[in-house]
Amino acid sequence: MVFWERDWWRKWWEKRRGDCSDCECSWTTAIVCLVILAVLGGALALLILAFAVVKPPTASADDALLTRFDLAPAPNSTSTARPPLQLLSYNATVTVSLRNPNLHYGITFGAVAAAFSFNGTRFDESGTVPTLDLGARKETTVRLRVGAVGRALPKLPAAGAAEFAKQKDAGVFDVEVRLDTVMQYKGRKAKCPLGIVCPLRLQLVDPDVAATAFQKTKCTILRAKISGC
C-alpha cells in the first residue's frame with residue numbers, strides 16, 4: 001500500500017513537471033519579471049522624490065576665528081544697576097556651508113542678512129551676502145567677517161556682563177550667528193522666509209599665532225510654514 005502511494009505520487013509529480021515544461025512563464029522568467037518590476041518601482045519612487053518632494057537646505061559652520069572680544073567701561077557711566085561694561089571691541093570670521101539636498105530643484109537665495117549675538121544680545125548686524133543660486137545637489141560657502149572697536153551695547157544685562165567675564169577667563173566664548181534670507185525653489189512661485197542659526201564655541205586666539213582647530217558645527221534651519229516651502 002505504501003509503495004503504491006509512493007509510486008502514485010512520483011507519477012503525479014512527473015506529470016505535473018512535464019506539464020509545466022511548456023508553461024509560458026518559467027521560474028526564471030518570473031524572477032526576471034519581479035526584478036524588472038522592482039527596478040521600475042524604484043525609478044518611479046525616485047522620480048516622485050525628485051519632482052514632488054522638496055527639502056530645505058542644510059547648513060553648517062565649517063570654520064570660525066575670533067581674534068578679539070573685549071568689553072570696556074562706557075565713558076561717563078555712573079549706573080550701579082549693572083557693571084559698567086558697555087563697549088565691545090571684536091574681530092570675528094565665520095565660514096558657513098549651504099547645501100541643497102534636492103535631486104531636481106535648484107534654490108535661489110535673496111540677499112542674506114547676518115547677525116552676531118552673545119548671551120542673547122545682538123552686537124553686530126552688519127554682515128551681508130548678495131543673492132546666490134544653488135543648484136540641485138550642490139554646495140556653496142558663505143564667508144562673513146565682522147569687527148568693531150568700542151561698539152555700545154546698551155541692552156547687555158548684568159547677567160550677560162557676568163557671563164562675559166566668566167567666558168573671558170576661560171578664553172572660550174559662545175557666540176551665535178544667524179542668517180536671514182528669502183529663498184525660492186526653481187520653477188515654484190512661493191517665496192520662503194528662511195533662518196539659519198549657528199551656535200559657535202570660539203576660542204579667543206592671538207592673530208599673530210597659528211589659530212586652533214575649529215570643530216565643525218551643524219546649524220539649525222528655521223522655515224516658514226507656507227505652502228510650497
Side-chain angles (χ1 to χ4, degrees), residues 55-72 83 85-101 107 109-132 134 138-183 193-224:
K55 298 179 181 179
T58 60
S60 63
D62 293 347
D63 192 22
L65 184 65
L66 185 67
T67 57
R68 186 178 186 183
F69 211 51
D70 296 316
L71 275 174
L85 302 174
Q86 296 295 309
L87 300 180
L88 181 66
S89 299
Y90 57 91
N91 287 297
T93 303
V94 180
T95 300
V96 177
S97 289
L98 298 175
R99 182 176 181 272
N100 179 3
I107 300 176
F109 296 90
V112 181
F116 289 70
S117 302
F118 173 79
N119 199 250
T121 298
R122 290 192 173 188
F123 62 84
D124 192 294
E125 296 179 302
S126 64
T128 59
V129 178
T131 300
L132 58 91
L134 192 56
K138 297 297 183 180
E139 183 174 336
T140 189
T141 57
V142 172
R143 188 174 177 85
L144 303 167
R145 186 189 298 271
V146 296
V149 176
R151 174 161 290 180
L153 295 178
K155 295 182 180 180
L156 186 66
E163 183 62 26
F164 186 97
K166 177 182 177 182
Q167 294 188 23
K168 186 173 181 62
D169 288 340
V172 179
F173 291 93
D174 294 322
V175 176
E176 181 182 274
V177 176
R178 173 165 178 152
L179 308 178
D180 286 286
T181 184
V182 175
M183 71 172 192
L194 181 75
I196 302 171
V197 180
C198 304
L200 308 176
R201 190 164 180 79
L202 303 176
Q203 182 175 351
L204 186 62
V205 297
D206 188 331
D208 297 326
V209 179
T212 57
F214 173 78
Q215 185 174 359
K216 184 176 179 178
T217 305
K218 183 179 180 179
C219 302
T220 300
I221 302 297
L222 306 176
R223 285 193 299 167

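Since the structure is predicted, the reported quantities are computational estimates derived from the model, not experimental observations.
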K.L.:
What closest approach, in Å, do Leu200 and Ala64 show between heavy atoms, and which atom pair accounts for it?
P.N.:
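Shortest heavy-atom contact: CD1-CB, 4.3 Å.
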
K.L.:
Using modelled atom types and a 3.5 Å cut-off, is there a donor and acceptor pairing between side-chain atoms of Thr93 and backbone atoms of Arg145?
P.N.:
no

K.L.:
Where do Thr181 and Gly110 come nearest, in terms of heavy atoms and distance?
P.N.:
OG1-O, 3.0 Å

K.L.:
Between the main-chain N or O of Arg143 and the side-chain N or O of Thr95, is there a donor-acceptor pair closer than 3.5 Å?
P.N.:
no

K.L.:
Applying salt bridge (charged side-chain N to carboxylate O under 4.0 Å, His left out) as the test, list every pair that has at least one member in residues 120-130; sequence neighbours left out.
P.N.:
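As it turns out, the salt bridge (charged side-chain N to carboxylate O under 4.0 Å, His left out) pairs with a partner in residues 120-130, which skip direct neighbours, are Arg122-Glu125, Asp124-Arg151.
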
K.L.:
Looking at every heavy atom in both Leu98 and Ala59, which two are closest together, and how far apart are they?
P.N.:
CD2-CB, 3.7 Å

K.L.:
Set out, in order, the CA-CA distance, both residues' side-chain angles and the distance that settles side chain to side chain contact (heavy atoms under 4.5 Å, CB included) for Phe109 and Val129, then state yes or no.
P.N.:
CA-CA 10 Å; Phe109 296 90; Val129 178; over 6 Å; no

K.L.:
Might you point out which heavy atoms bring Gly150 and Ser89 nearest each other, and give the distance in Å?
P.N.:
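Minimum heavy-atom contact is N-OG, 2.9 Å.
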
K.L.:
Is there a donor-acceptor pair closer than 3.5 Å between any side-chain N or O of Gln167 and the backbone N or O of Asp174?
P.N.:
yes

K.L.:
If you compare all heavy atoms of Phe164 against all heavy atoms of Leu88, which two are closest, and at what distance to 0.1 Å?
P.N.:
CE1-CD1, 4.1 Å

K.L.:
I want to check something: taking the side chain as every heavy atom from C-beta on, are Ile196 and Ile221 in contact at a cut-off of under 4.5 Å?
P.N.:
yes

K.L.:
Which value, rounded to the nearest 0.5 Å, describes the distance between Thr128 atom OG1 and Leu179 atom CG?
P.N.:
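Going from OG1 on Thr128 over to CG on Leu179, the span is 11.0 Å.
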
K.L.:
Side-chain contact, heavy-atom cut-off 4.5 Å: Leu153 with Leu71?
P.N.:
yes

K.L.:
Measure the acute angle between the ring planes of Phe173 and Phe118, then classify it against the limits of 30° and 60° as parallel, tilted or perpendicular.
P.N.:
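Because their plane-to-plane angle is over 60°, the rings of Phe173 and Phe118 count as perpendicular.
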
K.L.:
Which value, rounded to the nearest 0.5 Å, describes the distance between Arg178 atom CZ and Cys219 atom SG?
P.N.:
12.0 Å

K.L.:
Test side chain to side chain donor-acceptor pair (under 3.5 Å) on Ser60 and Asp62 and set out the steps.
P.N.:
CA-CA 6 Å; Ser60 63; Asp62 293 347; 2.8 Å; yes

K.L.:
With side chain to side chain contact (heavy atoms under 4.5 Å, CB included) as the test, would you mind laying out the steps for Asn91 and Leu66 before giving the verdict?
P.N.:
CA-CA 6 Å; Asn91 287 297; Leu66 185 67; over 6 Å; no

K.L.:
Output yes when a side-chain donor or acceptor of Thr217 lies under 3.5 Å from a complementary backbone atom of Gln215, and no otherwise.
P.N.:
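Here the side-chain-to-backbone pair exists.
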
K.L.:
Give me the atom names and distance for the closest heavy-atom approach of Val172 to Arg201.
P.N.:
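Distance-wise, the nearest heavy atoms are CG1-CG, 3.4 Å.
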
K.L.:
I need the single residue from Leu194, Asn100, Thr140 that forms a side-chain contact (heavy atoms from CB on, under 4.5 Å) with Pro57. Which is it?
P.N.:
Leu194

K.L.:
Tyr90: what forms a ring pair (Phe, Tyr, Trp, His ring centres under 6.0 Å) with it, not counting sequence neighbours?
P.N.:
Phe123

K.L.:
Is the NZ atom of Lys218 crowded by more than 12 outside heavy atoms at less than 6.0 Å?
P.N.:
no

